[in-house]
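A quick write-up on the structure given underneath.
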Amino acid sequence: MKGMDAMLANVTRLEVEAPKKARKSINKGAEIFAKHLKTDTPVDSGALASDVQTGPMKASTGRFEKQVGYGGKSAWRAHFPDKGTKKQPAQNFSIKAQEQSRDEILEVYAEEMRLLDD
């Protein structure tokens, strides 16, 4: 966990020292996650996968963030196939998308940190 703690500390440093680069990294990370979420979402009618969206940049908590998920037409039902019901097993595609995106997103932040240190 030491490596992850150091990376999170560096992300905070990036937000403080270079907010423009931090926003750029967050936008890239959100797009990476959205791409994986769209790919991993099961296709029945295709409505869920085609409704993956990224929200606007927010900084209300003092940290930059951007939500990625399903739009209003699909959001209410996305959790049924993802988390499962008593008649349907959980598919956990949101967790799978997070795991697939993790290293790619961390590399985006690492690259911005290298540019910050130059």
Gap separating the [atom1] atom of [X] from the [atom2] atom of [Y], nearest 0.5 angstrom:
X	Y	atom1	atom2	value
Tyr109	Lys24	OH	NZ	13.0 Å
Gln53	Lys73	CD	NZ	9.5 Å
Leu37	Leu48	CG	CG	9.0 Å
Lys28	Glu107	NZ	CD	10.5 Å
Lys58	Ile26	NZ	CD1	13.0 Å

Restricting to non-hydrogen atoms, name the atom on [X] and the atom on [Y] that form the minimum distance, rounded to 0.1 Å.
X	Y	value
Ala34	Val52	O-CG1, 3.7 Å
Ser74	Ala47	OG-O, 3.5 Å
Ala78	Phe93	O-CZ, 3.8 Å
Arg23	Met57	O-CE, 3.5 Å
Asn27	Lys66	OD1-NZ, 2.6 Å
Thr41	Ala49	CG2-N, 3.7 Å

Practice problem: Test side chain to side chain contact (heavy atoms under 4.5 Å, CB included) on Ser94 and His79 and set out the steps. | Solution: CA-CA 9 Å; Ser94 63; His79 69 281; over 6 Å; no
Quiz prompt | Side-chain heavy atoms of Thr39 within contact of Lys96, under 4.5 Å | solution = no
Quiz prompt | Any Glu104 side-chain heavy atom under 4.5 Å of Lys35 side chain | solution = yes
Practice problem: May I ask you to check whether over 12 heavy atoms, not counting those of Gln67, lie within 6.0 Å of atom CD? | Solution: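 No - once you tally the heavy atoms of other residues, nucleotides and ligands closer than 6.0 Å, there are 12 at most.
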Self-check item: Residue pair Lys83, Ile95: steps toward the side chain to side chain contact (heavy atoms under 4.5 Å, CB included) verdict
Solution: CA-CA 10 Å; Lys83 303 300 178 209; Ile95 293 171; 4.2 Å; yes
Quiz prompt | Test side chain to side chain contact (heavy atoms under 4.5 Å, CB included) applied to Ile32 and Asp103, Ile105, Val68, the passing residue | solution =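 The passing option is Ile105.
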Quiz prompt | Stepwise side chain to side chain contact (heavy atoms under 4.5 Å, CB included) test for Phe33 and Thr54 | solution = CA-CA 9 Å; Phe33 179 64; Thr54 58; over 6 Å; no
